[in-house]
Amino acid sequence: MKLHADVPESRVIEVLEEFQGPLYQRPPVRSAVKRQLRTRTIYYIDYHEMQDRLVLFRVGCEAGTYIRKLCYDIGEVLGSGAQMQELRRTRVGPFVEDKTLVNMHDLSYLFDQYKQTQDETIIRNFVYPMEKAFEYMPKIIVRDSAVDALCHGAHLTAPGVVAVNSGIQIGDPVAVFTQKGEVVALSKSFVSSEKMLEMDHGFVARTQRVFMPRGIYPKMWHSVE
Amino acid sequence: MRRINQPWQINRSLEVKAEEQTNPRYGTKPENRPIKDHLRFGIINLDKPAGPSSHEVTAWVKRILGIPRAGHGGTLEAIN
């Protein structure tokens, strides 16, 4: 962040701390979404350092937070005005800047190594199964017999459920998994975790996005004709 | 410094509703997927160079890995 006037460090730290928590934001003029006021949560702002008018900090925020806007708003509160100078994403859910992070050079080199040696472990070292993306999502585990129906877009019903994560509320996004740990679909829960465990019939989750191709698990339902 | 609980920090227990076996004839554990399927359903944590757009980089990755389909998630607003 670049300040438009000199501000003492102590004041900057104070204001950064103030910005943690829920925040109103109106998407900027040039944005991909509808420009209406919405709330986003700033989980934390970690101040790192300051050099003259340049301030370096790390923000943990909800998806859809405009950091450019955040910098501008911080500048308003400081009274100096400020703008975003540079931005780097250091984390998206389970994906962080660690040994899993590869750049384009690594990618092209590693894939070339694989082509020459046919050693699959090279690929498995930088390409991760899609299931990794769902690491932090609440899960519902379903029977083999329910899988293909879900792959065809059916909504999940109570008899298909084998196990559920605790703490799911009505309307929460949930990941539906097989007992082998494969992701089937992304759904929206119709009921809470407790209710899912009690129910013996009825809809449990609305299927929204299917990841598993049809026909991997056997078709176990009967059509009318 | 005050910390707000982040969504990924929620501890969830797994509550079992029914004891059930899975048939080994169908599906595979994600880590045992054949390499072709692994690439088709894989995710790369890529450090995108500043400059080229996500869209362009996706196209390059597709070409490097010789795969028919690829997409990306997580977009930052362009600094321009």
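Naming: A, B, ... by sequence-line order, numbering from 1 per chain.
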| Would you call the rings of Phe134(A) and Phe211(A) parallel, tilted or perpendicular, where under 30° means parallel and over 60° means perpendicular? |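 Rings of Phe134(A) and Phe211(A): perpendicular, over 60°.
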
| task | Mind telling me whether Tyr217(A) and Tyr26(B) have parallel, tilted or perpendicular rings, with 30° and 60° as the class edges? | result |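 Judged by the thresholds at 30° and 60°, the geometry between Tyr26(B) and Tyr217(A) is tilted.
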
Under 4.5 Å from any heavy atom of chain B, what part of [X] do you find: side chain, backbone, both or neither?
X         : value
Ile141(A) : side chain
Asp98(A)  : side chain
Asn165(A) : both
Val127(A) : both
Pro218(A) : both
Met212(A) : neither
Thr178(A) : neither
Phe111(A) : side chain
Val147(A) : neither
Glu131(A) : side chain

Shorter than 4.5 Å, heavy atoms on both sides: which option in [options] has the most such pairs with chain A?
options                                : result
Ile35(B), Asn32(B), Asn23(B), Val16(B) : Ile35(B)
Arg25(B), Glu31(B), Arg33(B), Arg12(B) : Arg12(B)
Glu19(B), Glu20(B), Lys29(B)           : Glu20(B)

Which atom names give the shortest non-hydrogen contact between Thr58(B) and Ser54(B), and what distance separates them?
->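 Result for this residue pair: OG1-O, 2.7 Å.
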
Heavy-atom pair with the smallest gap, counting every atom of Val184(A) and Cys151(A):
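The pair with the smallest heavy-atom distance is CG1-SG, 4.1 Å.
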
Are any of the side-chain heavy atoms of [X] and [Y] separated by less than 4.5 Å?
X         : Y         : result
Val191(A) : Phe203(A) : no
Val162(A) : Lys17(B)  : no
Leu107(A) : Phe126(A) : yes
Gln25(A)  : Thr39(A)  : no
Pro129(A) : Phe41(B)  : no
Val204(A) : Met199(A) : yes
Tyr44(A)  : Cys61(A)  : no

- Item | For chain A, which residues of residues 61-69 of chain B have heavy atoms nearer than 4.5 angstrom |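 Within residues 61-69 of chain B, the residues that come under 4.5 Å of chain A (heavy atoms only) are Val61(B), Ile64(B), Leu65(B).
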
Looking at [options], which has the largest count of heavy-atom pairs under 4.5 Å with chain B?
options                                   : value
Lys115(A), Glu62(A), Arg124(A), Glu120(A) : Arg124(A)
Asn103(A), Asp144(A), Ile216(A)           : Asp144(A)
Val92(A), Ile168(A), Val164(A)            : Val164(A)
Val183(A), Leu101(A), Ile123(A)           : Leu101(A)

(Q) Counting only heavy atoms not in Lys180(A) (residues, nucleotides, ligands), do more than 12 fall under 6.0 Å from its NZ? (A)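 Yes.
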
Is His105(A) atom NE2 crowded by more than 12 heavy atoms from other residues, nucleotides or ligands, each under 6.0 Å away?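 It does not: His105(A) NE2 has 12 such atoms or fewer within range.
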
Give, as side chain, backbone, both or neither, the part of Pro52(B) having an atom under 4.5 angstrom from any heavy atom of chain A.
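No part of it gets close to chain A.
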
For Gln9(B), is it the side chain, the backbone, both or neither that has a heavy atom under 4.5 Å from a heavy atom of chain A?
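Interface part for Gln9(B): neither.
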
Counting N and O atoms only, with roles assigned by atom type, does the side chain of Ser166(A) sit under 3.5 Å from a partner on the main chain of Ser13(B), one being a donor and the other an acceptor?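 Checking the backbone N and O of Ser13(B) against the side chain of Ser166(A), a donor-acceptor pair under 3.5 Å is found.
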
If the threshold is 4.0 Å, N to carboxylate O, is there a salt bridge linking Lys195(A) and Glu198(A)?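 Looking at Glu198(A) together with Lys195(A), the answer is no, because their closest N to O distance does not fall below 4.0 Å.
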
